[in-house]
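Read the structure below first, then the notes.
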Amino acid sequence: MSEPSQRQDRPHLSAGRSWASLIDAVTAILDEGADPHAPNTPLNVADVVRRAGVSRPTFYKYFRDVPTLVRAAALQRMEATFERVPTVELGDTWTVFARDTFQTLLTDLAAHRRFYLSAIALNPADVASDFVRYISHRLLAYSPLGPVIHRRKGPDSAAERAEFLASGTVWLVQQWLAASADPLAEVPDMVDRLSALLLSSSGATEQEIAAVRSASPATTTVPLHPGTTPAGASPERIA
């Protein structure tokens, strides 16, 4: 999955306080539970710039529209979450990887459920795509399942298979967040569910699943995008 050609999801070098103020403003609005589909919603340029204390020209200097701003805010919060994911060590098992990665990720998603559901509703393609990119990268390059995905034979590439698994993960998590009465309490169960589903959906044999659960079957990383390292991981670490 390629990087966005228009880097409006990232701060400009000269953005400074105005860019951050816009990000903080829309984050606060979504955290408060603004319904993106309700009449007179505050998620329009006029109300966002009023909340941020900046002008409309300043808004359009950095963002095309409100969905672009929402994507930038979601990406910033997402990156901060992935930076807290513990680095995987040599020989770590799939159970360790799934627990550390999904526990951190799902806890943050559950704690900020209003924000993420509104962000996806306002910019479904881009926000979901960013999550898929992060998860597929981590699955392929830094998890014990990565070498299994690489070894599988078929018409699709390893990157495509990882993105397929990540897309299913994002869809399932989105449905869970929307339906759960208490997502924070359900995080451990969802971690176990995702761990089992990813293993069974990966195409791994019973022997490969056993190996992945017991120890990492490879000692090298294979970056999904050359020159790119996912947040919270270093190139020296293995799956």
Ignoring hydrogens and geometry, is there a side-chain-to-backbone donor-acceptor pair from [X] to [Y] under 3.5 Å?
X	Y	value
His112	Asp108	yes
Arg161	Ile149	yes
Ser200	Leu197	yes
Ser202	Leu199	yes
Arg113	Ser180	yes
Ser118	Arg114	yes

Interatomic distance, [X] atom [atom1] to [Y] atom [atom2] [nearest 0.5 angstrom]:
X	Y	atom1	atom2	result
Thr68	Phe59	OG1	CZ	7.5 Å
Ser136	Glu160	OG	CD	11.5 Å
Met190	Leu177	CE	CG	8.0 Å
Asp130	Glu79	CG	CD	8.5 Å
Lys61	Leu22	NZ	CG	11.0 Å
Arg77	Leu109	CZ	CG	10.0 Å

Task: Ser143 versus Trp94, side-chain donor and acceptor atoms under 3.5 Å - done: no

Task: Worked check of side-chain contact (heavy atoms from CB on, under 4.5 Å) between Thr104 and Asp100 - done: CA-CA 6 Å; Thr104 301; Asp100 290 351; 5.6 Å; no

Assigning hydrophobic clusters by single linkage (Ile, Leu, Val, Met, Phe, Trp, Tyr; side-chain heavy-atom cutoff under 4.5 Å), is [X] placed with [Y]?
X	Y	result
Val45	Leu122	yes
Leu198	Val96	no
Trp176	Leu172	yes

To check you understand the geometry: which heavy-atom pair defines the closest contact between [X] and [Y], and what is its length?
X	Y	value
Ala111	Leu184	N-CD2, 4.1 Å
Thr58	Ser55	OG1-OG, 2.9 Å
Ala162	Leu140	CB-CB, 4.0 Å
Pro67	Asn123	O-ND2, 2.9 Å
Ala73	Val26	CB-CG1, 3.7 Å

TODO: Report yes or no: is the cationic atom of Arg138 (NZ for Lys, CZ for Arg) closer than 6.0 Å to the six-membered ring centre of Phe82, at no more than 45° off its axis?
DONE: no

Open item on the list: Could you walk me through whether Tyr134 and Thr81 satisfy the side-chain contact (heavy atoms from CB on, under 4.5 Å) test, starting with their C-alpha distance in whole Å, then the side-chain angles of each, then the deciding distance to 0.1 Å, before giving a yes or no?
Closed with: CA-CA 11 Å; Tyr134 268 79; Thr81 300; over 6 Å; no

Side chains of [X] and [Y]: does their closest heavy-atom pair fall under 4.5 Å?
X	Y	value
Val54	Trp19	no
Leu106	Leu194	yes
Phe102	Val85	no
Val132	Thr169	no
Asp126	Leu75	no
Asp65	Leu69	no

Open item on the list: Determine whether the aromatic ring centres of residues Phe131 and Tyr116 are separated by less than 6.0 angstrom.
Closed with: yes

Open item on the list: Taking the basic N atoms (NZ, or NE/NH1/NH2) and the acidic carboxylate oxygens, is any pair closer than 4.0 Å for Arg51 and Glu32?
Closed with: yes

TODO: Take Ser21 and Ser18 through the test side chain to side chain donor-acceptor pair (under 3.5 Å) and record every step on the way to the result.
DONE: CA-CA 5 Å; Ser21 294; Ser18 295; 6.0 Å; no

Open item on the list: Is it true that, when you exclude Gln175 itself, more than 12 heavy atoms of the residues, nucleotides or ligands shown sit nearer than 6.0 Å to its CD?
Closed with: yes

